[in-house]
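Some notes on the structure that comes next.
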Amino acid sequence: MDDMQRSTLWTDALSENRLTGTWRNETPDYRNLPSPCLGACPVSGRIADWIGKVEKKDYRGAWETLVDNNPFPAIAGRICHHPCETACNRAQLDETVSICALERFVGDTALSEGWAFPAPPANAPAQSVAIIGSGPAGLSAAYQLRRAGVGVTIYESQDQLGGLMRYGIPAYRLEKSILDGEIARIIDMGVTVKLNTEITGAAGLQELRVRHDAVYLATGASRPKPLPGVDYDQPWVQDSADFLAATNAGQDCTLGAHVLVIGGGSAAMDVARTARRLGRKVTVLALEPEAMLPAQRAEVIEATEEGIEFVTGAMMQSAEPGTDGLRIRCTRVDFKRGTTRGAFNITPVEDSEFTLTADAIIPSIGQDADLSRWQDLLAGDGPVLKADASWHTGLDGVFTGGDVASMDRFVTQAIGMGKEAARSILVYIAPDVGAADAPADDPEAGFSVINTAYHPLAERNKPQNADVTARLGNFKEVQQSLDQSQAMTEASRCFSCGTCTYCDNCYFYCPDMAITKLDGGGYEIKSDYCKGCGLCVAECPTGAIRMQEDL
Amino acid sequence: MNMEMINYKDDGQFCSGHVACAGCAEALALRVIMNAVGQDAIGVVAPSCSAVILGGHPMSSVKIPFIHGTLESAAASASGVKRALVAQGKPDTTVLCLAGDGGTYDIGLQSLSSAAERNEDILYVCFDNEGYMNTGGQKSSSTPLNATTGSTPTGKSTRKKNLIEILAAHRIPYIATTSPSHLNDMAAKIKKAKTIRGTKVIIVLIPCLPGWGVADNAAVKTARLAVESGVFPLFEVEGGLTYTMTKATKTQPINDYLSLQKRYRHLNDEQIAQIQQDVDEDWQRLTTRAIEADV
Ligand SMILES: Cc1cc2nc3c(=O)[nH]c(=O)nc-3n(C[C@H](O)[C@H](O)[C@H](O)COP(=O)(O)OP(=O)(O)OC[C@H]3O[C@@H](n4cnc5c(N)ncnc54)[C@H](O)[C@@H]3O)c2cc1C
Ligand SMILES: Cc1ncc(C[n+]2csc(CCOP(=O)(O)OP(=O)(O)O)c2C)c(N)n1
Ligand code: SF4
Ligand code: SF4
Ligand code: SF4
Ligand SMILES: [Mg+2]
C-alpha cells in the first residue's frame, strides 16, 4: 500500500486543505542584519561572515572576505584599537570574541601562505590617480583603486612606504616583516611608487592634478605639537616623532640614561617603552591622574610591567641642566576633562611643587597636520583639511582622508577613509561606475535577538603577551598569536549575529511545517500555512530572521 | 557557533493545516513524534488537544489511522488494537496512544494502570500541559502547586502528582520524559521506545500558551527553562528501577521559568522559595537514583 492509498482508506483528506495562513498578522522575514561589531568596525569588515569561515577552516575564504574592505588584516590584527570588541554582543553573555586576534590569525596565515591579490585587468589603465602619502589611508585608497583597474602613483616623501605604521608604531607591536609583507602585496598589483618625493606645496599639488585624473591627499599629521616653555634646540630634548622615526629606522639613541617622557597617550607609551627597550630608565609624566590616562589601559599595564615609572596628575614647569642631569621642577595639578574630545582644564595645586631628575626629556603630547603648505588651494576645518561626505576637498578632483582630514586618528580609521575616498574617486573619474549602494538602514542585530540558549558559556581565547623578561632589551613582538586550535574555538564563540548559518532551527521549530528548505540553500515561508507565531524567530540562534507585520 | 544541530528526519508524517494554536508546542512535539514513529503504526487518541490537532472528520493532519477513544479508556483501546494486530499477524505495527494529562493522571489512570500491569505492547505518549486545556483550562492532578487554572483561580493548593513513580511501580520496561525544547532527545526516545516490547510511557511537557499564559513565541523557551531549572527533568526509567538522567545538570533557578507564565503571576516570594525548595529536593532525590549518563 502506498502512502496515499493508506491515508485515503480512513480519511477523506489531509489537513493541508485548510489554509491556516489566514490566521496570521505577522510573517517571518529572512534577512541578514548588520552585527554590532560591523557597525563599530572602521573598515566595515563583514566580521560575522569571515569568522564563520574561520570556523569552517576556510582560511582563504576568510581572508578574501577580510581584504575586501581592508588589505591589512595582519597589521590591523595587531594594532587596531578594535572598537568591534567593545561592541561585540558576546560581551553581554560572557566575554567579547577576540576579533582582533582572529584577524591577525587570518592575516598571518595569508602571509605565510603567500596569498596574493588577483592581478588587475591587464590592459593599460585609461585613468590614473596620484596619491600623496603612503600611510594606511593612501595605501588603502591605492589598493581599492588598483583593484578597480585604475592606474595609481604614490608620492612619498620618506624613503620607505607605510607612514606612521613604519615610523611611528614600534616593532614590538608591529613587526616590520608583517608591514613589509602586506604593503608589498599592494604594490605587486602594479602600483607606481615615487619615494623620496615630497610634494612641497600648492604648486606641486596643481601639477599632479594636471598630470593625473584625480589626486588623493593623505599626508597624515606628523608635525609635533610643541610643549610650551621647552627649548627644542637643547641636545637633551628630542621630540617623540623624531625619536620614534629614528629608533624605528634602527638608528642609535643618543639620549642619556634616564629619560622623562611627557604625555599620557598611546604615543607617549610607545616612546617610553621604546626607550626602555634601549636600556634607559624611563619616567612618564602626565597631567591626567592615572585612571584617566588617555592611553589604552593595556598599554599602561604593560609599560608598568616593563618597569616604567609613572608620575601622574602633574605638570612640568621648567627643566634646567644641573651637575648630575636635569632638574625638572613640577607641580601637581587638578585635571578636569573638557566637553570636547581632547579638551581639558588644569589648575595647579598650591604648594605642591616637587623636583624630578632625568638626563633627557621627550615631549610626546600629540601631532598636528601641516595644513599651511596647501592653504592657497585647500580650505581647513579647524585642525584638519575640509572635505565633504565623499572626501572631496572642494578643489576639483582632489580628495583627502586619514589623519590630515580627520581627528579619528587610528590606522583602521585611515584605512576605512581611504576605501571610501577610492569609491568617490572612481565615481568622479568614471561616473558610469555608479555611486556605492546607499547603506540599507536595517536595524542592527543586537543582543536581544540572539538566543543565548544555543551559545553555551565558553572562555575567551585571549592573545597572550610574551613574558616581561623576554620583552626587555629587544623589539620582539609582545603580543603572541593564537594557534590554530585556539583560533578555531574562538571563532566558534562568535554568535554570527544577524547572519544565517543554515542551522535549520527555524525549519525544525515550526509547529506548522510552514518553512521549506530550498535546494540551493536558504529557506522560504509557506504563507498558506504560517500562523505567524514567531517560534522560528525566537529559536534562531543568530537573529537572521525577524517578524514583519502584515500590511 | 557551538550548538547541537537538530537532526531528525521529517518525512512529512505530520501535515500543515492543523488547528493547533499558533506556536503550540504540542503540534511541534507531534511533528517529531509522528515522524519518529513512522508509517507502520495505528493510533488511539483520547479527547484532548491532540485529538483536536489530529483533526476531526473529514480532515486528518496525520498519515496513519487514528481511533478517537474515550477519556477513560485510551490505554484499554490501544491494548485491544494491539491484540487485534497480533491476531492478524502484524505484531510489529506500533500502536501509538496519545492522551493529555487529564486523560492520563486522572480520568484514564485506571485503564493505563491495568494496561501497564498486563505489560501491553503499546507506546503511550502523555502530553502534559498540566491541566484540562482544550475544555478551557481546568486543573488536573498534574497541575503544580500554586498554579492558577480556571478552577483554581487563587492557585492550586496541592502538589503535582508524581505519575512517574506510580508508573515505575508497575515495573514496565520504559518510562521517559521529554520536552519540545530538546527535539533530538524526543526523537531518540520515541525511536528507542519503538524497539521495546511491552508498555512504554513517554511524558512530554507542553507549555500551554493560553492555559499557562505564555506568549505565542515562547513555548519552547518556557519548556527549555523547565528542563534547565529542574522543574521538568529529562530522564528515563527502565524496568521501573533503573533511572538515567538524559540531561544531568540543573543550571537555572526557577525564577525565569515562573516569570514567563501568567499562571504564576500572583506568587509571593515565600511561595517562590517554596517551589524552589521542592524542585531542589525532587532533583536531589531523582539524581541520587539515577546513574549519570548525560548525552
Ligand atoms: C607613535 C604612534 C603610535 C600609534 N599607534 C597606533 C596604533 O597602535 N593603532 C592605531 O590604530 N593607530 C596608531 N597611531 C595612529 C596612526 O598611526 C595614524 O592614525 C595613521 O597612521 C594615519 O594614517 P595616514 O595615512 O592618514 O597618515 P600617516 O600614517 O601619517 O602617513 C602619511 C604619509 O604621508 C607622507 N607625507 C606627508 N607629507 C607628504 C608630502 N608633502 N609629500 C609626500 N609625502 C608626504 C608621510 O611621509 C607619510 O608616509 C599611532 C600614531 C603614532 C604617532
Ligand atoms: C469522562 C469525560 N469527562 C469529560 C470529558 C470532556 N473532556 C474532553 S477533553 C477534556 C480535557 C482533557 O484534558 P487533558 O487530558 O489534560 O487534555 P488537554 O485538553 O489538556 O490536551 C475533557 C474534560 C470527556 N470527554 N469525558
Ligand atoms: S558575536 Fe560575532 S558577530 Fe556578534 S558582535 Fe561579536 S564578533 Fe560580531
Ligand atoms: S514557526 Fe512556522 S508558523 Fe510560526 S511564524 Fe515561523 S514559519 Fe510561521
Ligand atoms: S534559525 Fe538557523 S537557519 Fe534559520 S534563520 Fe536562524 S541561523 Fe538561519
Ligand atoms: Mg492537559
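Each chain gets a letter, A, B and so on, in the order its sequence line appears, and its residues count up from 1.
Taking chain B as the reference chain and counting heavy-atom pairs below 4.5 Å, the highest number among A:N17, A:L19, A:T20 is found for A:T20. Counting heavy-atom pairs under 4.5 Å between each of B:S61, B:A29, B:G55 and chain A puts B:S61 at the top. With chain B as the partner, the residue from A:S492, A:A453, A:G534 showing the most heavy-atom pairs under 4.5 Å is A:S492. Between chain A and the options B:A20, B:A218, B:C24, B:A27, the largest number of non-hydrogen pairs under 4.5 Å is found for B:A20. Chain A forms more heavy-atom pairs under 4.5 Å with one residue of B:L209, B:V19, B:L30 than with any other, namely B:V19.
In this structure, A:S15 contributes its side chain and B:S16 its backbone to a donor-acceptor pair below 3.5 Å.
When all heavy atoms are compared, the tightest approach of A:N505 to B:M3 is OD1-CE, 3.5 Å. Of all heavy-atom pairs between A:R18 and B:H18, the closest is NH1-CA, 3.9 Å. The minimum heavy-atom distance linking A:F508 with B:L183 is given by the pair O-CD1, 3.7 Å. B:G23 approaches A:C533 most closely through the heavy-atom pair N-CB, 3.1 Å.
For A:Y454, the parts lying near chain B are the backbone and the side chain together; criterion is any non-hydrogen pair under 4.5 Å. If you measure heavy-atom distances from A:T542 to chain B, the contacts under 4.5 Å come from the side chain alone. Looking at A:E539, only its side chain comes within 4.5 Å of chain B, counting heavy atoms on both sides. Looking at B:T251, there are no atoms closer than 4.5 Å to chain A (heavy atoms on both sides), in backbone or side chain. For A:C503, the parts sitting under 4.5 Å from any heavy atom of chain B are the backbone and the side chain alike. A:D528 does not touch chain B: none of its heavy atoms, backbone or side chain, sits under 4.5 Å away.
Within 6.0 Å of atom NZ in A:K517, more than 12 heavy atoms from other residues, nucleotides or ligands are found, so the atom counts as buried in its surroundings. More than 12 heavy-atom neighbours from other residues, nucleotides or ligands sit within 6.0 angstrom of CD on B:Q88. Enclosure of atom NZ in A:K57 is not indicated, since only 12 or fewer non-hydrogen atoms of other residues, nucleotides or ligands lie within 6.0 angstrom. Few gaps surround NZ on B:K250; more than 12 heavy atoms of other groups in view lie less than 6.0 Å from it.
Residues B:R31 and A:C510 have side chains in contact (heavy-atom distance under 4.5 Å, counting atoms from C-beta outward). The closest side-chain heavy-atom distance from A:D504 to B:I6 is not below 4.5 Å. Within the 4.5 Å cutoff, the side chain of A:E26 has no heavy atoms near those of the B:N217 side chain.
Here SG of B:C21 is found 7.0 Å from CH2 of A:W23. Values are rounded to the nearest 0.5 Å.
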